[in-house]
Student: 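Shown below is the structure under consideration.
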Amino acid sequence: IENVYGIIDRTIGVEYRDWFTFEIAPNTENDYDYFELSDVNGKIHIKGNEGLSLTTGLNYYYKNYVNVQISEQTMQVNMPDSIVPIGTTVRKETPIEVRYAFNYCTLSYTFAFFGEEEWQRENDWLALNGVNVVLDLAGQEATWIKFLMNFGYSFDDAKDWLVGPGYEAWQFMQNMEVFGGPLPDGYVIDRVELARSTQRWKRSLGMDTVLQG
């Protein structure tokens, strides 16, 4: 729930934390992911079966009650002066179990040089829109280096086999190598730390990470 509040902080602002309360509760009607919006003690109460359901409900309130629009590029976050009540209980659910994002080309072409701040904004957007399965290549550089070193390659030889960040889609789809590099050591290390932080954050909300086989 604290990570849900973190999305509020980064989108509309920390001063609006007190507008909302959150509750995680199982769906007693079926096995679908769901959220409910209602007015409780003068605040907007959002209930759902996991963190991702809460963020999806939050985005529903954003769009339908306060005209806030969060996109991958821009944010319209002109908030009203006071809480806009729900007026009733609004319940939404989905039978769609897998709601997937990205392919190899997206990660290589669009996100090749994203750092932690850019990825946090992207992950916030995914969470607000209910995406629960996300392809992630961050950290694969170190995985491949470690794998090749197990077969006797030196660290430098293993690292030099990898392509540059803008070409990873081609390498990880198995049709390119030794191009656009070599990768700096610091880049490899930073990508491991990026993978650890972003994947733990996604996991806390119930989002699964797809890794290369």
Side-chain angles (χ1 to χ4, degrees), residues 3-4 6-7 10-11 33 50-53 55-56 59 69-75 94 96-213:
N3 280 340
V4 179
I7 293 178
R10 290 185 295 273
T11 53
D33 291 337
E50 61 182 359
L52 191 66
S53 298
T55 59
T56 310
N59 199 35
Q69 174 66 29
I70 308 298
S71 78
E72 290 174 285
Q73 290 80 33
T74 61
M75 297 194 296
T94 178
I96 302 172
E97 295 182 7
V98 176
R99 305 179 296 274
Y100 180 82
F102 303 145
N103 57 40
Y104 281 85
C105 294
T106 312
L107 296 174
S108 187
Y109 301 165
T110 306
F111 304 136
F113 299 101
F114 266 30
E116 190 167 353
E117 182 177 345
E118 292 89 352
W119 267 117
Q120 183 65 74
R121 176 170 174 148
E122 182 69 17
N123 287 328
D124 286 349
W125 179 81
L126 294 173
L128 287 169
N129 287 278
V131 175
N132 65 351
V133 180
V134 185
L135 177 66
D136 190 352
L137 295 181
Q140 289 300 314
E141 302 87 359
T143 300
W144 271 104
I145 291 170
K146 183 175 177 62
F147 174 77
L148 291 172
M149 289 178 69
N150 287 340
F151 288 91
Y153 289 88
S154 70
F155 173 82
D156 287 336
D157 284 345
K159 186 166 67 73
D160 290 348
W161 174 77
L162 294 167
V163 299
Y167 304 94
E168 284 187 344
W170 296 97
Q171 179 153 45
F172 293 144
M173 290 189 291
Q174 302 184 19
N175 51 29
M176 181 180 284
E177 60 189 38
V178 194
F179 188 83
L183 293 174
D185 293 0
Y187 179 84
V188 176
I189 295 169
D190 288 346
R191 293 274 288 175
V192 171
E193 294 305 319
L194 174 67
R196 286 176 174 147
S197 63
T198 59
Q199 289 174 25
R200 285 169 178 160
W201 183 89
K202 286 182 288 187
R203 192 68 174 171
S204 77
L205 297 176
M207 303 166 75
D208 289 326
T209 297
V210 177
L211 301 175
Q212 186 182 26

Student: Please find the pair of heavy atoms, one from A127 and one from T55, that lie closest to each other, and give the distance.
Tutor: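 Smallest heavy-atom distance, with atoms named: O-OG1, 2.7 Å.
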Student: Could you tell me whether the side chain of R10 reaches within less than 4.5 Å of the side chain of Q120, counting heavy atoms only?
Tutor: yes
Student: Parallel, tilted or perpendicular: which one describes the rings of F114 and F111, with boundaries at 30° and 60°?
Tutor: tilted
Student: Would you check if Y104 and Q212 make a side-chain contact, meaning some heavy-atom pair closer than 4.5 Å?
Tutor: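 With C-beta onward as the side chain, the pair touches.
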Student: May I ask you to decide if G130's main-chain N or O and R99's side chain share a donor-acceptor pair within less than 3.5 Å?
Tutor: yes
Student: Any chance you could lay out the side chain to side chain contact (heavy atoms under 4.5 Å, CB included) test for E122 and E72, step after step, and finish with the verdict?
Tutor: CA-CA 6 Å; E122 182 69 17; E72 290 174 285; 2.6 Å; yes
Student: Between atom CD1 of I7 and atom CG of D124, what is the distance when rounded to the nearest 0.5 Å?
Tutor: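 Output value for this atom pair is 4.5 Å.
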Student: Is the shortest side-chain N to carboxylate O distance from K202 to D208 below 4.0 Å?
Tutor: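 Salt bridge: no.
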Student: Is a side-chain N or O of D157 found less than 3.5 angstrom from the main chain of Y153, in a donor-acceptor match?
Tutor: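 No, the answer is negative, given that no donor and acceptor are paired below the 3.5 Å cut-off.
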Student: Take L211 and Q140 through the test side chain to side chain contact (heavy atoms under 4.5 Å, CB included) and record every step on the way to the result.
Tutor: CA-CA 8 Å; L211 301 175; Q140 289 300 314; 4.2 Å; yes
Student: Compare all side-chain heavy atoms of D33 with those of E50 and state whether any distance is below 4.5 angstrom.
Tutor: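 D33 vs E50: side chains touch.
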Student: Flag the pair L126 / F102 as yes when at least one side-chain heavy-atom distance between them is below 4.5 Å, and no otherwise.
Tutor: yes
Student: Is the shortest heavy-atom distance from the side chain of V134 to the side chain of V210 under 4.5 Å?
Tutor: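 No; the side chains remain at least 4.5 Å from each other.
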Student: To check you understand the geometry: which heavy-atom pair defines the closest contact between K159 and P182, and what is its length?
Tutor: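 The pair with the smallest heavy-atom distance is NZ-CB, 4.5 Å.
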Student: Kindly state each residue pair satisfying ring pair (Phe, Tyr, Trp, His ring centres under 6.0 Å) with at least one member in residues 192-213, sequence neighbours excluded.
Tutor: none
Student: Let me check something: any side-chain donor-acceptor pairs from residues 165-173 under 3.5 Å, sequence neighbours excluded? List them with distances.
Tutor:
unit_1, atom_1, unit_2, atom_2, d
E168, OE1, R191, NH2, 3.4
W170, NE1, Y109, OH, 3.0
Q171, OE1, V163, N, 2.8
Q171, NE2, W161, O, 3.3

Student: Does CD in E116 sit with more than 12 non-hydrogen atoms of other residues, nucleotides or ligands closer than 6.0 Å?
Tutor: no
Student: Side-chain contact test, heavy atoms from C-beta onward, threshold under 4.5 Å: evaluate it for D160 versus V178 and give yes or no.
Tutor: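 D160 does not reach V178 side chain to side chain.
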Student: Within this structure, what is the CG-CE distance for the pair D156 and M149, rounded to the nearest 0.5 Å?
Tutor: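 Taking CG in D156 and CE in M149, the distance rounds to 9.0 Å.
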Student: Counting only heavy atoms not in I96 (residues, nucleotides, ligands), do more than 12 fall under 6.0 Å from its CD1?
Tutor: no
Student: Check whether any side-chain N or O of T74 sits under 3.5 Å from a backbone N or O of I70 as a donor-acceptor pair, and report yes or no.
Tutor: no
Student: Does R121 pair with E118 as a salt bridge, N-O distance under 4.0 Å?
Tutor: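 Here R121 does not pair with E118 in a salt bridge, since their nearest N and O are not under 4.0 Å apart.
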Student: For the side chain of N3 and the backbone of G6, is there at least one donor-acceptor N/O pair under 3.5 Å apart?
Tutor: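 Such a contact is absent between N3 side chain and G6 backbone.
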Student: How long is the gap from CG on L135 to CG on L137, to the nearest 0.5 Å?
Tutor: 5.0 Å
Student: When you check the side-chain N and O atoms of T56 and N59, is any donor under 3.5 Å from an acceptor?
Tutor: no
Student: Checking side-chain polar atoms at under 3.5 Å, does T209 have a donor or acceptor matched by the opposite partner on D136?
Tutor: no
Student: Applying side chain to side chain contact (heavy atoms under 4.5 Å, CB included), run through L183 and L162 and close with a yes or a no.
Tutor: CA-CA 7 Å; L183 293 174; L162 294 167; 3.9 Å; yes
Student: Is a side-chain N or O of N103 found less than 3.5 angstrom from the main chain of C105, in a donor-acceptor match?
Tutor: yes
Student: Can you confirm whether Y100 sits close enough to V131 that some side-chain heavy atom of one is under 4.5 Å from a side-chain heavy atom of the other?
Tutor: no
Student: Identify the heavy atoms of L194 and A138 that sit nearest to each other, and give their distance.
Tutor: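 The pair with the smallest heavy-atom distance is CD2-CB, 4.1 Å.
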